[in-house]
Amino acid sequence: MRYTTQFMLSAMAAEQFPAPDVPEVAFLGRSNVGKSSLLNALVGEKAAKVSQTPGRTRAINFFQLSEEGKAKRKFIFADLPGYGYAKISKSISAEWPKFIEPYLAERETLALCICLVDSNISAQKGDILLLDWLRSVGREFAVVATKADRLSGNERVRNLAALKKALGVEELLAVSSKTGYGLKELWTRIGEAGDEASAE
Ligand code: GDP
């Protein structure tokens with residue numbers, strides 16, 4: 001399925017979120033994990049550019065996706081601010097704006113959180129904290145390991161197994177924005193979440 005993507009808005013507070021009308025998919029990850037590149041590969045350069053515009057990096061940037069030729073939106077993608085390497089406090093990240101946690105805990109149409117980790121490095125404290133926190137609020141998530149093209153076959157198997165163990169997940173989808181590896185599977189996962197949400 002080909003989608004047309006349109007930027008909706010950058011929200012800095014809950015009052016600015018778009019109407020909760022279609023299944024939403026949120027993208028989360030540490031700064032530099034490859035989130036912009038992945039969004040770029042999934043929905044096009046414009047989306048990634050918007051999210052990197054100064055002033056929008058601490059906002060939730062919302063995009064709507066519609067099937068080609070149709071006006072009605074089918075999904076919303078929410079690009080969340082990258083969380084830092086810096087101090088991670090009792091909340092997920094001290095640098096995260098205050099409205100992020102309530103968004104993740106309460107947004108009624110949020111069907112899936114795509115949590116990005118770097119396949120080339122071991123699990124980071126912030127990643128572990130984020131997943132634990134999502135579990136504690138009962139939010140569905142899928143963990144996606146980025147930059148898989150940088151690893152040889154053996155390294156990939158080894159790193160993914162170690163990441164799964166450290167993050168406590170059974171499924172880990174390896175992707176590369178550079179080569180397109182895993183993107184079809186990621187679209188399938190996104191589609192399933194949308195179908196489940198629409199069936200409820
Ligand atoms: P963000 O901060 O999470 O948005 O990360 P970016 O998308 O800006 O990527 C951070 C760095 O990782 C950049 O230098 C990218 O070129 C590189 N990068 C991102 N995705 C990939 C990938 O799939 N393969 C490789 N080899 N490099 C990547």
Side-chain angles (χ1 to χ4, degrees), residues 5 7-12 24-63 65 76-88 92-97 100-101 103-104 112-131 133-134 141-164 166-167 169 171-190:
T5 305
F7 171 65
M8 297 173 84
L9 56 93
S10 293
M12 296 290 283
E24 204 156 286
V25 179
F27 290 80
L28 296 119
R30 263 180 338 112
S31 308
N32 214 38
V33 74
K35 187 154 58 68
S36 306
S37 303
L38 183 66
L39 275 170
N40 189 357
L42 289 173
V43 301
E45 210 165 319
K46 241 192 292 173
K49 268 202 192 124
V50 164
S51 294
Q52 288 186 320
T53 307
R56 285 184 169 154
T57 54
R58 286 174 63 77
I60 303 182
N61 295 302
F62 291 93
F63 301 89
L65 281 73
I76 291 178
F77 278 8
D79 183 18
L80 272 71
Y83 46 94
Y85 308 97
K87 190 175 154 224
I88 307 262
I92 303 165
S93 166
E95 295 161 45
W96 260 21
I100 304 285
E101 285 184 36
Y103 167 81
L104 290 170
L112 181 65
C113 292
I114 307 241
C115 301
L116 307 180
V117 297
D118 190 329
S119 65
N120 295 260
I121 56 175
S122 57
Q124 302 291 295
K125 195 173 167 200
D127 303 331
I128 295 169
L129 280 172
L130 172 65
L131 296 190
W133 186 82
L134 289 173
F141 61 82
V143 184
V144 168
T146 60
K147 311 184 193 178
D149 59 278
R150 287 190 185 164
L151 297 167
S152 70
N154 283 342
E155 283 175 323
R156 190 179 299 165
V157 172
R158 215 172 29 238
N159 283 19
L160 294 183
L163 276 170
K164 272 189 199 171
L167 298 170
V169 297
E171 295 291 328
L172 186 57
L173 178 62
V175 301
S176 165
S177 308
K178 206 168 174 182
T179 65
Y181 180 87
L183 295 187
K184 201 168 153 224
E185 289 76 9
L186 181 53
W187 271 122
T188 302
R189 185 71 186 80
I190 290 168

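Residues: numbered from 1 along the sequence shown. All ligand and atom numbering here is 1-based and tracks the order in the structure.
- With hydrogens left out, the protein atom closest to atom 27 (N) of ligand 1 is Arg150 NH2, 3.4 Å, a heavy atom.
- Considering only non-hydrogen protein atoms, atom 23 (O) of ligand 1 sits nearest to Ser177 N, 2.8 Å.
- Tyr103 has its side chain out of reach of Ile100: every pair of non-hydrogen atoms, C-beta onward, lies at least 4.5 Å apart.
- Those atoms of ligand 1 that come under 4.0 Å of a heavy atom in Ser36, given as number and element, are 1 (P), 4 (O), 7 (O).
- Of all protein heavy atoms, the one closest to atom 2 (O) of ligand 1 is Asn32 N, 2.7 Å.
- Those atoms of ligand 1 that come under 4.0 Å of a heavy atom in Ser37, given as number and element, are 6 (P), 7 (O), 9 (O), 19 (C), 20 (N).
- If you look at Asp149 next to ligand 1, the close heavy atoms, those under 4.0 Å, all belong to the side chain.
- Under a 3.5 Å cut-off, the side chain of Asp79 and the backbone N or O of Asn61 do not form any donor-acceptor pair.
- The protein does not reach atom 14 (O) of ligand 1 closely, with no heavy atom under 4.0 angstrom from it.
- Protein heavy atom closest to atom 8 (O) of ligand 1, with residue, atom name and distance, is Gln52 NE2, 3.7 Å.
- Counting only heavy atoms from C-beta outward, the side chains of Val169 and Phe141 approach each other to under 4.5 Å.
- Any N or O atom pair closer than 3.5 Å counts here, and Val33 shares at least one such pair with ligand 1.
- The closest side-chain heavy-atom distance from Leu80 to Leu104 is below 4.5 Å.
- Without hydrogens or angle criteria, Ser119 side chain to Thr146 main chain gives a donor-acceptor distance under 3.5 Å.
- Checking each of Leu130, Val33, Leu167 against Cys115 for a side-chain contact (heavy atoms from CB on, under 4.5 Å) leaves exactly one that passes, namely Leu130.
- Annotation: side chain of Leu151 is not in contact with side chain of Leu160 (no heavy-atom distance under 4.5 Å).
- Among the atoms of Gly34, some N or O lies under 3.5 angstrom from an N or O of ligand 1.
- Here is the list of ligand 1 atoms found below 4.0 Å of a heavy atom in Ser176: 23 (O).
- The shortest distance between side-chain heavy atoms of Val143 and Asp127 does not fall below 4.5 Å.
- Compare Lys35, Arg30, Lys147 by their heavy atoms: the one nearest to atom 1 (P) of ligand 1 is in Lys35.
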